[in-house]
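Worksheet: the structure to be examined is printed underneath.
As the structure is a prediction and not an experimental result, all values here were calculated from the model.
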Amino acid sequence: MQTNSKLTFSKQGKRRKDIDHIIIEKGKRGDFSPLQPDHYHNFYEIFYLLSGRCHFLLKDTVYELEKGDLVFIAPGELHHSLYNEGENCEICMIYFKKEHLLVDGKDSPQSFMGSVPALYRDNFMSLLSRMLSEYAHIDEYSDSFLTVHLQELILMLMRHSVLDEKEPALLHSKDADILLATKYIYKNFKQHMTLEEVSNVASLSPTYFSKKFKQTTGMGFKEYLNFVRLKHAQAALLTTDSTITEIALEYGFNDSNYFKDLFKKVYGKSPREFRKNPD
């Protein structure tokens with residue numbers, strides 16, 4: 001039976017995904033996987049690494065993941081998985097909307113990176129297997145079972161403190177320079193910023209920094225900087241009465257027309273249209 005997920009494509013040809021119920025997918029990734037530079041969406045995602053090792057960019061931090069690690073991504077957060085040359089990874093991804101989070105007494109969880117303890121990994125895998133089975137739509141009860149299994153999975157993560165874990169070890173020292181750069185961008189994105197300035201923070205030449213930044217994060221320096229600025233500008237459109245020009249200048253865009261064009265390219269509507277109808 002066909003699922004009800006909706007797949008749409010923007011005018012720029014980039015795949016944009018919206019969903020109307022829980023989706024779970026399992027597959028293999030590696031250096032053969034296509035890059036997805038604009039990777040953020042309006043629903044939650046759980047990324048679980050079943051085997052192998054990979055890098056994962058979440059907001060301003062790059063983590064090194066291994067078997068048993070997972071990433072919980074809140075709506076609108078920048079994220080991107082990156083794979084080592086010659087190494088294949090098996091992954092499982094779950095996508096769901098806020099209304100599927102039915103855990104009483106808990107705020108909607110924020111993005112985090114954690115690891116399922118080895119002692120509970122078999123139970124976790126059993127839940128994933130049941131969800132994958134129900135996702136094949138065995139009968140008319142499958143959607144309800146998917147919802148129940150998702151709640152059990154999230155409760156399991158809460159019970160074993162995965163949701164409350166402190167940040168794990170970050171990238172090995174060979175990539176710490178890029179971590180310094182991403183954190184510097186997040187802290188100073190409102191200011192005028194150049195490639196030379198940020199490469200100096202990372203103690204790398206501009207040419208090598210540009211290449212390594214793209215390899216490590218999956219995005220170019222300018223693309224990453226613009227994304228950070230746009231995310232803050234997007235929030236300002238909904239939470240302040242500032243004019244669009246004032247917001248553009250406040251969040252690092254010297255040209256309001258450039259801001260409007262870029263915003264429409266990324267979000268599919270102009271800042272004015274987004275402010276009136278953000279959904």
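For Y267 and F263, the gap between ring centers is short of 6.0 Å. Aromatic ring centres of H80 and F56 lie farther apart than the 6.0 Å criterion allows. Residues Y44 and F72 bring their aromatic ring centres within 6.0 Å. Taking the centre of each ring, Y251 and F259 stay at or above the 6.0 Å mark. Under the 6.0 Å cut-off for aromatic ring centres, F213 and Y224 qualify, their centroids lying closer than that.
The closest side-chain donor-acceptor pair between K231 and Q234 falls under 3.5 angstrom. A donor-acceptor pair shorter than 3.5 Å can be found between the side chains of E197 and Y184.
In this structure, T207 and S210 have side chains that are not in contact, with every pair of non-hydrogen atoms separated by 4.5 Å or more.
For L49 against C89, the heavy-atom pair with the smallest separation is CD1-CB, 3.8 Å. Shortest non-hydrogen contact noted between N188 and M193 is O-CE, 3.1 Å.
Atom CD1 of residue I91 and atom CZ of residue F47 lie 4.0 Å apart, to the nearest 0.5 angstrom.
Around atom OH of Y186, more than 12 heavy atoms belonging to other residues, nucleotides or ligands sit under 6.0 Å away. Crowding of R121 atom CZ: a count of heavy atoms from other residues, nucleotides or ligands under 6.0 Å exceeding 12.
Contact check on E250 versus K190 returns a salt bridge, with a Lys/Arg side-chain nitrogen under 4.0 Å from an Asp/Glu carboxylate oxygen.
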request  = Test side-chain contact (heavy atoms from CB on, under 4.5 Å) on R130 and I24 and set out the steps.
outcome  = CA-CA 11 Å; R130 278 182 273 164; I24 180 167; over 6 Å; no
